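A, B, ... follow the sequence lines: proteins, then strands. Residue 1 opens every chain. Computed from a predicted model, the values in this text were never measured in an experiment.
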Amino acid sequence: MSLVATRFAPSPTGPLHIGGVRTALFNWLFSKNKKGKFYLRIEDTDKERSKDEYKDQIIQSLKWIGIQHDEKEYIQSKNINKHKEISEKLLKKGFAYKCYCSEEEINEQKEKAKKKGIPFVYNRKWRDSSNLEVPKNVNPAIRFKSKISGNTLIKDLVQGDINISNSIIEDFVILRKDGSPTYQLSAVVDDHNMNITHVIRGDDHKINTFKQKQIYEAMNWKLPEFAHIPLIHSEAGSKLSKRDKVSTINDYIKLGILSGALRNYLLRLGWSYKDKEIFTLEESIKLFDLKGVGKSPSKLDISRILSLNEYYIKHIDEKKLFELFKVYCEKFKKGIDKSKDDTLIRSMKFLKNKAKTLEDIYQNAQYILSNTIQISSENLKLLDDPSKKILKNFLNEYKKISKLNKDNLENILKKLIDEHKTNFKGVGQPLRIALTGSKFGPGIYDIILSLDKNEVVERLKIIE
RNA sequence: GGUCCCAUCGUCUAUCGGUUAGGACACGUGGUUUUCAUCCUCGAAAGAGGGGUUCGACUCCCCUUGGGACCGCCA
């Protein structure tokens, strides 16, 4: 079994944030690069906090960004019996023991440790309990018998060699008092059963590797490779929190970010390949490796995301862009009337040139989307009598045209500029305001050409 | 506090002992343009500090400083 297998193992206790998405991406990319498998495992052994809605959110997020897991997602809680079985084995083999300490006792130890300013390590009271009296009516927790002396070395594929003294690893709990397995046990058992070859996860799991390695050794199981990737920091500079405004995929979808852009951004956050900035999905699969992953944490940079998004908006197929736009509007704005579809599809080619996000397209397409044009009092002032006269003349000429194109329009405008002894702005601005209500927006020819002829007439008529 | 990790422009990063330290975003300038943009030109911008090793260090080693992670019967 030399087939590479990676997994992403989130706990459904909250919405997945983009740090997690990046971890999933790296795992997925790594396995696909090696023509291996990528699994999704939902770690729901914390029954109190796990929720189905979060599980769905996680799966949706991954799907949105283009990550597809092999086979059906694994639900960790379904394997609880297997985990318990292993715990039993460890107990029998003498690698684990029953701990009858009460919560109060443990808390007391923690308090003491805190006061002394030393790290809390469980005092291993029940490790060798031959002369202790087992209390009645107390369910024990099962603790793993960690090594007390010596050192352990982990060869991390990203971080390099990490060496720590075994004495700082406490006798961690593998089975709770209520008989349920903890993460340390479940993760190892599942990784082993799933034949995971590479565990790629956030830096914050590094210490767990030293605990988990001991379980592998006790069970005589093959140790997978480990790679701990640096965390993503918020713009403020600390670990990404669920409270950060832009931390979940949905936050970005709401902003009008395209999945390709975010995928590309996340890929380049902590990983690089020479000077290359833009990666198609195929390229990223082909080029991804763990060597390119940096060691230092990186900060989230929204302007970079926006700029990448701008690139993707400009380079995506226009029909496709329209479809995405439509979905975006349905979800976050008002649904688009079918009658506008053709106009919008045609207009994408210039709308996309002034947009960093789908939201920008929405703003610039207002003159198409809404049937009534709102003109602010400030802009209304710009439509003075001379301007109105220009508009009137324009309307007359415009009506006469049988076949509209840019050349025709250009001729009319030139003529008007001449006749009224003004410049392009003198004609263009009133036209834009009358047609769109705004001083800003797409090119005036684009606007006129994108609108139906009678629509243009109607809008100009209103200006009296 | 203990343990571990990290350290190049503001940000993401390239450099695998010898470079005028490169690219991208953001920023500034100039130009094209029909408004806003786009686009193009040019520019400013970095090896945290101190010791070594070496003919030569951003690159290797040590210390300091700074930042981060972990220290749950959460995952």
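- Residues A:D191 and A:R7 are paired through a salt bridge, judged by an N-O separation under 4.0 Å between the basic side chain and the carboxylate.
- Ion pairing between A:E85 and A:K82 holds under the 4.0 Å rule for side-chain N and carboxylate O.
- Of all the heavy atoms in A:P230 and A:V158, the pair that sits closest is CD-CG1, 4.5 Å.
- Across B:A75, B:C25, B:C4, the shortest atom-to-atom separation from the side chain of A:K206 is found for B:C4.
- When each of B:C12, B:C70, B:A26 is scored by its nearest atom to the side-chain atoms of A:I207, the top-ranked nucleotide is B:C70.
- Rounded to a whole Å, the CG atom of A:N163 is 13 Å from the C1' atom of B:C5.
- Comparing B:G43 with B:G22, their P atoms sit 12 Å apart, to the nearest whole Å.
- Relative to the six-membered ring of A:F279, A:K276 meets both conditions, a distance below 6.0 Å and an angle of at most 45° to the axis.
- Shown here, B:A26 forms no base pair; nothing in the strands shown gives a Watson-Crick or G-U wobble contact with both key distances under 3.5 Å.
- For A:R432, whose side chain is taken as the heavy atoms from C-beta onward, the closest listed nucleotide among B:A14, B:C70, B:U34 is B:U34.
- Between A:K274 and A:P442, it is A:K274 whose nearest contact on RNA chain B lies nearer the 5' terminus.
- Residue ring and nucleobase are stacked for A:F424 and B:U34, with a centre distance beneath 5.5 angstrom and an angle between planes beneath 30°.
- With a cut-off of 3.5 Å on both pairing distances, the Watson-Crick or G-U wobble partner of B:U65 is B:A7.
- Taking the P atoms as reference points, B:C36 lies 14 Å from B:G31, given to the whole Å.
- In this structure, of B:A26, B:C5, B:C36, it is B:C5 that holds the atom nearest to the side chain of A:Q159.
- On the P atoms, B:U20 is 30 Å away from B:A26, given to the nearest whole Å.
- Rounded to a whole Å, the CD atom of A:Q363 is 15 Å from the P atom of B:A37.
- Nucleotides B:A46 and B:U59 are separated by 15 Å at their C1' atoms, to the nearest Å.
- Comparing B:U38, B:A75, B:A26 against the side chain of A:Y183 picks out B:A75 as the nearest.
- Taking the C1' atoms as reference points, B:C16 lies 24 Å from B:U11, given to the whole Å.
- Distance CZ (A:F144) to P (B:C73): 16 Å, rounded to an integer number of Å.
- Looking at every heavy atom in both residues, A:T343 comes nearest to A:I368 through CG2-CG2, 3.8 Å.
- The listed nucleotides are B:G68, B:C73, B:G23; the one nearest the side chain of A:E277 is B:G23.
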Evaluate the criterion salt bridge (charged side-chain N to carboxylate O under 4.0 Å, His left out) for residue pair A:K314 and A:E310; output intermediate values, then yes/no. CA-CA 6 Å; A:K314 281 205 177 77; A:E310 187 177 11; 3.3 Å; yes
Check: residues 412-420 of chain A side-chain donor-acceptor pairs under 3.5 Å, at least two apart:
unit_1	atom_1	unit_2	atom_2	d
A:K415	NZ	A:E397	OE2	3.4
A:H420	ND1	A:L416	O	3.1
A:H420	NE2	A:N393	ND2	3.1

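- Across A:N364 and A:G441, no two heavy atoms sit closer than the pair OD1-CA, 3.8 Å.
- For the C1' atom pair drawn from B:C60 and B:G18, the interatomic distance equals 15 Å after rounding to whole Å.
- Rounded to a whole Å, the CG atom of A:D203 is 9 Å from the P atom of B:C70.
- Across every strand in view, B:G72 sits unpaired, with no contact that passes the Watson-Crick or G-U test at under 3.5 angstrom.
- Comparing atom distances between the A:D275 side chain and each of B:C25, B:G22, B:C12 picks out B:G22 as nearest.
- Taking only side-chain atoms of A:D301, from C-beta outward, the nucleotide of B:G68, B:U11, B:U35 with the closest atom is B:U11.
- In terms of phosphate contacts, A:T182 brings no side-chain nitrogen or oxygen within less than 4.0 Å of OP1 or OP2 of B:C73.
- Residue A:P297 places its side chain closer to B:C6 than to any other of B:U34, B:A24, B:C6.
- Separating the CD atom of A:E170 from the P atom of B:U3 is a distance of 17 Å, rounded to the nearest angstrom.
- Proximity of A:T45 to the phosphate of B:A75: a side-chain N or O atom is located under 4.0 Å from OP1 or OP2.
- Proximity of A:W28 to A:L40: side-chain heavy atoms (C-beta onward) are nowhere separated by under 4.5 Å.
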A:N264 and A:Y312: CA distance, side-chain angles, deciding distance, side-chain hydrogen bond (donor to acceptor under 3.5 Å, both in side chains) verdict: CA-CA 10 Å; A:N264 199 144; A:Y312 274 84; 2.6 Å; yes
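- Taking the six-membered ring where the residue is Trp, A:F144 and A:F172 present parallel rings, their angle staying beneath 30° rather than reaching 60°.
- Applying a 4.0 Å cut-off to non-hydrogen atoms, the residues of residues 346-362 of chain A that approach RNA chain B are A:N353, A:K354, listed by residue number.
- In this structure, the side chains of A:L258 and A:L324 come closer than 4.5 Å at one or more pairs of heavy atoms.
- Between B:G10 and B:A69, the two C1' atoms lie 24 Å apart (nearest whole Å).
- Near RNA chain B, meaning a heavy atom under 4.0 Å from it, residues 75-84 of chain A has no residue at all.
- Cation-pi check for A:R22 over A:F26 is met; the charged atom lies under 6.0 angstrom from the ring centroid and within 45 degrees of its normal.
- A close approach under 4.0 Å does occur between a side-chain nitrogen or oxygen of A:K295 and OP1 or OP2 of B:C6.
- By the criterion of a centre-to-centre distance under 5.5 Å and near-parallel planes under 30°, the ring of A:H233 forms no stack with the base of B:G68.
- Using the Watson-Crick or G-U wobble rule with both distances under 3.5 Å, B:C60 pairs with B:G52.
- A residue-by-residue look at A:R49 and A:D161 shows that A:D161 has its nearest nucleotide of RNA chain B further toward the 5' end.
- For the C1' atoms, the distance linking B:U65 with B:G49 amounts to 7 Å, nearest Å.
- Nearest to the side chain of A:I162, among B:C5, B:C12, B:C6, sits B:C5.
- Contact between the side-chain N/O atoms of A:S298 and the OP1/OP2 oxygens of B:U13 is found at a separation under 4.0 Å.
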